[in-house]
Asks: 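Quick one: the structure is below, and I'll ask about it shortly.
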Protein chains: 2
Amino acid sequence: MSTGAASFGSGGTRGRESALRASGPGAITDRMSSRPASGRHPTMDQVAEAAGVSRATVSRVINGAPSVDAKIREMVQRAIAETGYVPNVAARSLVTRRSNSVALVISEPDRPDNNSFLNRIFTDPYFGRITAGATTALRPHDIHLVVIPTDSTDHHQVIRYLRQGHVDGVLLISSHEQDTLPRQVHELGIPAVVSARPTSPIAVSFVDVDQRLGARLAAERLLSRGCRRLATISGPLDIPSGLDRLDGYRAYLAEHGFDAVPSVEGDFTRAGGEAAARRLLTEHPEVDGLFVASDLMAEGALRAVQDLGRRVPDDLAVVGFDDSSAALDCRPLLTTVRQPVEEMAAEMAEVLLAHIAAPGRLPRSVTFQPTLVVRDSA
Amino acid sequence: MSTGAASFGSGGTRGRESALRASGPGAITDRMSSRPASGRHPTMDQVAEAAGVSRATVSRVINGAPSVDAKIREMVQRAIAETGYVPNVAARSLVTRRSNSVALVISEPDRPDNNSFLNRIFTDPYFGRITAGATTALRPHDIHLVVIPTDSTDHHQVIRYLRQGHVDGVLLISSHEQDTLPRQVHELGIPAVVSARPTSPIAVSFVDVDQRLGARLAAERLLSRGCRRLATISGPLDIPSGLDRLDGYRAYLAEHGFDAVPSVEGDFTRAGGEAAARRLLTEHPEVDGLFVASDLMAEGALRAVQDLGRRVPDDLAVVGFDDSSAALDCRPLLTTVRQPVEEMAAEMAEVLLAHIAAPGRLPRSVTFQPTLVVRDSA
DNA sequence: CTGAAAGCGCTTACAG
DNA sequence: CTGAAAGCGCTTACAG
């Protein structure tokens with residue numbers, strides 16, 4: 001942290017190189033072709049000199065300004081290739097006020113142990129799909145993603161990071177109700193898109209899936225299969241998606257004459273699903289149709305169900321939610337409600353890009369429709 | 001991309017604010033305390049003016065220079081708090097030539113489908129542990145991690161990114177034999193640490209686990225349990241760790257009189273492990289002890305084994321490798337060789353930091369010892 | 001211990 | 001269409 005030394009290779013040779021360059025374009029070419037750019041960093045002025053034009057013209061060529069004369073452009077491009085020039089991003093950012101990267105902030109409730117928290121984040125199929133979708137959408141724009149996991153103990157660090165101008169905008173994955181980060185980010189005034197309807201009433205763009213509809217799809221499937229003793233393992237009830245899936249499921253069943261639907265609250269983990277299923281079947285052994293609010297929980301639940309001697313789907317049909325890779329790890333293969341997470345993350349990225357390009361743009365929300373993916377468990 | 005507009009909030013009000021500030025420190029304080037810094041960005045000059053010192057002094061306070069007078073330091077800190085000042089990282093990087101971030105490049109073989117490739121990367125427990133370990137080690141240094149998944153089709157993009165000075169160094173996760181990225185990164189001259197001994201002979205620092213020792217531990221466990229019909233599901237044999245684990249296993253068994261040890265090559269995925277186990281048990285139904293070269297494969301293998309009617313560990317004992325979270329998802333719980341991945345990633349980060357701080361430092365390698373974690377499968 | 005000044009490497013009005 | 005010049009917001013020798 002303390003030294004100001006150049007980060008790249010032999011910065012110390014720069015003086016010597018400049019001297020060589022001063023002897024003319026020919027010398028430069030010979031020099032560079034025999035030692036392809038590696039570890040040293042020519043400057044835009046040096047490219048300009050090699051091409052016999054001004055620095056401004058080099059800049060225009062690099063940034064694709066249409067006004068540049070074709071021949072000159074070509075000369076410059078040759079000079080760029082010969083010198084192995086690559087723009088310095090710090091210098092560029094300083095004037096453009098753009099970093100060409102965005103943050104993906106994954107905000108979770110407090111955790112006891114830092115390392116396992118991070119491990120869970122970086123290993124969760126849901127976050128994996130988010131990251132993959134956002135990365136894919138951003139790549140063609142040459143914008144990079146900085147992934148920042150956080151809980152409430154380091155919100156201030158995240159805010160500081162954002163304020164320092166490291167990124168042009170933020171994709172905020174936040175699900176629990178009490179999370180104050182969406183509001184803090186909003187107050188920062190930095191372009192942002194949130195992964196679900198924020199619980200506090202702030203004017204911010206977000207992308208969501210129709211959670212209730214998804215739960216209704218699950219209920220419908222179970223009913224149409226002939227299940228009549230229905231239950232559910234819900235997500236955490238302090239998370240809107242957890243609540244909405246439970247509500248949607250119950251609402252649909254109520255509409256069809258099923259009123260007291262047992263439910264056990266889970267925590268969106270495999271182990272949590274397993275424990276919840278065990279409890280549920282102990283208290284309600286008669287259950288023949290089960291909606292589990294995430295595939296990961298369903299994977300655990302399936303294990304418990306089968307341990308307890310029930311055959312799936314014959315004795316007990318199970319429908320999950322997500323259609324993540326976990327659904328394919330289940331035996332039998334999991335029938336589940338598909339949430340198009342990659343596409344949702346890509347949409348978040350697109351909306352964010354639009355906000356960055358036009359800071360005055362009004363916030364908007366985009367809702368995706370879930371679909372039922374029928375496999376073997378129901 | 002085309003506009004040079006400020007990325008943050010109401011950049012346009014700056015002129016007005018400066019005017020307000022010019023009316024004296026009192027005005028600034030009042031202004032700022034009623035509107036806590038949000039969306040607007042005071043500059044170091046403004047802090048200096050508010051504190052009645054020079055810009056250089058503010059800089060020294062921010063960077064913790066010891067020479068600053070205590071009273072002045074305090075005045076400056078107050079001014080910083082009142083104005084809500086946060087340094088502009090681009091300006092700082094331009095002069096320090098440091099970005100305070102490092103890249104975590106995850107290099108994998110070519111993949112057919114981009115999205116599923118990314119999904120696998122961001123969901124794999126091994127990469128998850130790497131990311132968690134590196135993040136934890138870097139956090140106290142206030143250095144951020146930019147995660148960059150890549151295959152050979154976009155090596156040039158990665159190289160360009162690195163050359164642009166986005167990061168001060170790179171943590172390179174590369175396992176397959178033919179990967180040319182370690183060499184390319186090495187030639188760039190940027191500080192780098194690789195996750196395993198590079199297959200091409202380049203002088204670069206790396207961190208590894210003693211793969212052969214791990215495999216020997218597994219073999220020893222199986223033998224001491226009384227298994228006498230031993231087999232293995234190996235990793236991909238074009239990956240050094242895959243090869244080394246197979247070799248170590250066979251070598252130990254050979255030393256103990258077991259010569260023809262059947263093996264099937266897997267691909268380090270759950271599905272691959274399942275298929276491999278099915279094949280292995282079909283061809284060698286007599287097997288009673290099995291070393292599976294990764295926990296994820298072991299999870300799949302366990303499923304196949306039990307599907308085929310074998311009881312674990314009584315009919316067939318199974319030892320995995322990694323001790324990732326997958327080991328706890330196995331039924332029975334997986335006995336496995338623990339690779340301390342988080343600690344290894346943290347060590348990679350420390351070594352990288354040392355290289356960044358002292359560019360002339362000689363490359364070195366650090367090897368961790370694996371340990372056997374006994375649970376229920378063997 | 002502190003300040004004035006130079007300079008990091010770009011982009012972008014502004015002239016021509 | 002092109003160039004000279006200003007300026008982005010910092011850090012760091014260099015004097016004092």
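Sequence lines set the chain letters: A, B, ... in the order given, protein chains first and strands last, and positions in each chain run from 1. Keep in mind that what you see is a predicted model, and the values were worked out from it rather than measured.
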Asks: Rounding to an integer number of Å, can you tell me how far Ile62(A) CD1 sits from dC10(C) P?
Replies: 7 Å
Asks: Mind running a 4.0 Å heavy-atom check of residues 64-74 of chain A against DNA chain C and sending the residues that fall below it, in number order?
Replies: none
Asks: Would you sort out whether His166(A) and Ser99(A) count as a side-chain hydrogen bond (donor to acceptor under 3.5 Å, both in side chains), showing the intermediate values?
Replies: CA-CA 6 Å; His166(A) 281 107; Ser99(A) 66; over 6 Å; no
Asks: Within residues 54-61 of chain A, which residues have any heavy atom lying less than 4.0 Å from an atom of DNA chain C?
Replies: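 The stretch gives Arg55(A), Ala56(A), Ser59(A), Arg60(A) as the residues lying under 4.0 Å from the strand, ordered by number.
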Asks: Could you run through DNA chain D and flag its stems, i.e. three or more consecutive Watson-Crick or G-U pairs with both distances under 3.5 Å?
Replies: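 C:1-3 with D:14-16, C:5-12 with D:5-12, C:14-16 with D:1-3 - these are the stems of 3 or more pairs that involve DNA chain D.
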Asks: Walk me through it: do Ile190(A) and Val167(A) pass the test side chain to side chain contact (heavy atoms under 4.5 Å, CB included)?
Replies: CA-CA 9 Å; Ile190(A) 185 175; Val167(A) 294; 4.2 Å; yes
Asks: Let's go through Thr43(A) and Asp45(A) carefully: what are the C-alpha distance in whole Å and the side-chain angles of both, what is the deciding distance for side-chain hydrogen bond (donor to acceptor under 3.5 Å, both in side chains) to 0.1 Å, and is it a yes or a no?
Replies: CA-CA 5 Å; Thr43(A) 202; Asp45(A) 277 315; 5.1 Å; no
Asks: Where do Val58(B) and Ala48(B) come nearest, in terms of heavy atoms and distance?
Replies: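 So the two residues come closest at CG2-CA, 3.6 Å.
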Asks: Quick check: closest heavy atoms across Leu162(A) and Ala103(A), and the distance to 0.1 Å?
Replies: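 Of all heavy-atom pairs spanning Leu162(A) and Ala103(A), the closest is CD2-CB, 4.1 Å.
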Asks: Does the distance from a Lys or Arg side-chain N to an Asp or Glu carboxylate O, for Arg160(B) and Asp142(A), drop under 4.0 Å?
Replies: yes
Asks: Met44(A) CE to dG7(C) P: how many Å, rounded?
Replies: 20 Å
Asks: Check the angle between the aromatic planes of His144(A) and Tyr161(B) and answer parallel, tilted or perpendicular using the 30° and 60° thresholds.
Replies: tilted
Asks: May I ask you to say what Asp45(B) touches in the nucleic acid, namely base, sugar-phosphate or nothing, with a heavy-atom cut-off under 4.0 Å?
Replies: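 Here Asp45(B) touches no strand at all.
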Asks: Could you check how far CZ of Arg92(B) sits from P of dC10(C), rounded to whole Å?
Replies: 21 Å
Asks: I'd like to know whether Gln164(B) forms a side chain to side chain contact (heavy atoms under 4.5 Å, CB included) with Asn88(A), so could you lay out the CA-CA distance, the side-chain angles of the two residues, the decisive distance to 0.1 Å, and finally the verdict.
Replies: CA-CA 5 Å; Gln164(B) 286 186 127; Asn88(A) 175 309; over 6 Å; no
Asks: Would you call Asp154(B) and Arg139(A) a salt bridge, taking side-chain N to carboxylate O under 4.0 Å as the test?
Replies: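 A salt bridge is present here (some side-chain N lies under 4.0 Å from a carboxylate O).
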Asks: What integer distance in Å separates Asn63(B):CG from dG9(D):P?
Replies: 17 Å
Asks: Just the rounded figure in Å: distance from C1' of dA6(C) to CG of Leu94(B).
Replies: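 Rounded to the whole Å, the gap is 13 Å.
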Asks: Is any side-chain nitrogen or oxygen of Asn88(B) closer than 4.0 Å to OP1 or OP2 of dC8(D)?
Replies: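 Negative; the distance criterion is not met.
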Asks: If you compare all heavy atoms of Ser101(B) against all heavy atoms of Ile143(B), which two are closest, and at what distance to 0.1 Å?
Replies: CA-CG2, 3.8 Å
Asks: Within this structure, what is the CD-to-C1' distance between Glu49(B) and dG9(D), rounded to whole angstrom?
Replies: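 Rounded to whole Å, this separation is 16 Å.
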Asks: Looking only at non-hydrogen atoms, find the nearest pair between Ala349(B) and Ala137(B) and report the distance.
Replies: CB-CB, 3.9 Å
